[in-house]
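Some notes on the structure that comes next.
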Amino acid sequence: QVQLVESGGGLVQFGGSLRLSCDASGFSLDQHAIAWFRQAPGKQREGVACISSSGASSWSAAFAKGRFTISRANNGNTMYLQLNNLDTDDTAAYYCAAEYLGGCRRGIPETDFDYWGQGTQVTVAS
């Protein structure tokens with residue numbers, strides 16, 4: 001069964017850090033573009049960051065630059081999102097996504113990704 005499962009979310013204080021993980025089962029993340037999205041209450045889901053399947057290109061949202069870092073593990077089965085200097089506006093459900101031989105178009109449209117996790121909640125307390 002092809003599946004992405006996120007973990008690492010939780011409650012963190014303003015200015016704190018979290019590392020989110022996304023484990024793939026039933027397939028390898030090799031040759032896949034990987035991305036993270038988030039959805040805050042009452043808002044549309046938005047792209048956070050992306051690395052293309054080749055690793056040659058990437059994209060990050062303006063709010064993520066300098067604070068959030070996307071990466072993939074050498075084992076090919078896990079991706080990460082390091083969240084630093086968190087603000088209350090970062091409170092959201094965070095989702096990982098993957099696409100075979102995919103790229104990272106500006107804004108990383110959701111329709112570009114076929115595989116999705118169920119989400120992990122990040123809550124930032126003031």
Side-chain angles (χ1 to χ4, degrees):
Q1 182 180 2
V2 174
Q3 198 172 9
L4 292 174
V5 179
E6 301 95 338
S7 61
L11 176 64
V12 63
Q13 293 298 310
F14 177 89
S17 297
L18 282 174
R19 188 176 80 159
L20 307 183
S21 299
C22 174
D23 293 310
S25 59
F27 74 111
S28 172
L29 289 174
D30 289 340
Q31 295 187 301
H32 284 74
I34 59 172
W36 287 91
F37 294 78
R38 73 181 187 181
Q39 187 169 21
K43 295 186 178 181
Q44 288 188 329
R45 189 153 56 183
E46 61 182 348
V48 177
C50 174
I51 297 176
S52 67
S53 58
S54 67
S57 65
S58 63
W59 177 89
S60 292
F63 63 79
K65 291 180 180 179
R67 299 192 302 135
F68 300 170
T69 303
I70 184 173
S71 61
R72 65 170 90 222
N74 291 333
N75 65 11
N77 292 331
T78 304
M79 68 172 92
Y80 302 104
L81 184 67
Q82 178 68 41
L83 307 172
N84 294 329
N85 193 22
L86 284 161
D87 186 274
T88 53
D89 288 343
D90 297 317
T91 294
Y94 284 73
Y95 300 86
C96 60
E99 175 66 13
Y100 181 63
L101 297 180
C104 299
R105 292 196 292 161
R106 179 180 294 184
I108 50 173
E110 292 184 39
T111 53
D112 284 358
F113 295 86
D114 283 340
Y115 302 112
W116 289 85
Q118 293 299 308
T120 185
Q121 179 66 34
V122 172
T123 302
V124 184
S126 60

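No hydrogens, no waters, no symmetry mates; every other heavy atom, side chains included, goes into these values.
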Inset, instruction - For Gln121, look at atom CD and say whether over 12 heavy atoms of other residues, nucleotides or ligands are found less than 6.0 Å away. - result: yes
Margin query: Is it the case that the ring center of Phe27 lies less than 6.0 angstrom away from the ring center of Tyr100?
Written below: no
Q. Would you call Asp87 and Arg67 a salt bridge, taking side-chain N to carboxylate O under 4.0 Å as the test?
A. no
Rounded to the nearest 0.5 angstrom, the CZ-CD distance for Arg38 and Gln44 is 14.0 Å
| request: Look at the side-chain heavy atoms of Ile, Leu, Val, Met, Phe, Trp and Tyr, link any pair under 4.5 Å apart, and say whether Leu81 and Trp59 land in one connected group. | output: no
Between Arg72 and Ile51, the two heavy atoms sitting closest are NH2-O, 4.0 Å
Distance col, row Leu83:CG vs Phe68:CZ, nearest 0.5 angstrom, shows 5.0 Å
I'd like to know if the side chain of Glu99 reaches the main chain of Asp114, judged simply by a donor and an acceptor atom lying under 3.5 Å from each other, with no hydrogens or angles considered. yes
| query | Any donor-acceptor pair under 3.5 Å linking the side chain of Glu6 with the backbone of Leu20? | reply | no
For Ser57 and Cys104, the nearest pair of non-hydrogen atoms, with its separation, is O-SG, 4.2 Å
Answer yes if Phe63 and Leu86 sit in the same cluster of Ile, Leu, Val, Met, Phe, Trp and Tyr residues linked by side chain heavy atoms under 4.5 Å apart, and no otherwise. yes
_Strictly distance-based, threshold 3.5 Å: is any side-chain N or O of Gln39 a donor or acceptor partner for the main-chain N or O of Lys43?_
yes
If we only count heavy atoms from C-beta on, is the Asp90 to Val122 side-chain gap below 4.5 Å?
no
Between Ala35 and Met79 the two heavy atoms that sit nearest each other are O-SD, 3.9 Å
inquiry  = Would you call the rings of Trp116 and Phe37 parallel, tilted or perpendicular, taking 30° and 60° as the class edges?
reply    = tilted
Is Ile108 linked to Val48 within one hydrophobic cluster, defined over Ile, Leu, Val, Met, Phe, Trp and Tyr using a side-chain heavy-atom separation of less than 4.5 Å? no
In short, Gly103 meets Ala33 closest at the heavy-atom pair O-CB, 3.8 Å
Say whether Phe113 and Val2 are linked into one hydrophobic cluster, either directly or through other cluster members, by side-chain heavy-atom distances under 4.5 angstrom.
-> no
| query | Would a 4.5 Å heavy-atom cut-off, applied to side chains only, mark Leu29 and Leu4 as touching? | reply | yes
> Hey, is the main chain of Val124 close enough, under 3.5 Å, to the side chain of Thr91 for a donor-acceptor pair?
Replying inline: yes
Heavy atoms of Gln13 and Ser126 approach each other most closely as OE1-O, 4.0 Å
Rounded to the nearest 0.5 Å, the OG atom of Ser17 sits from the CG atom of Asn85 at a distance of 7.5 Å
Residues passing the side-chain contact (heavy atoms from CB on, under 4.5 Å) test with Ser28, sequence neighbours excluded, are Asp30, Asn77
* Short question: side chain of Trp36, backbone of Tyr80 - any donor-acceptor pair under 3.5 Å? -> yes
Notebook entry, point to check: Ignoring hydrogens and geometry, is there a side-chain-to-backbone donor-acceptor pair from Ser53 to Gly102 under 3.5 Å?
Noted result: yes
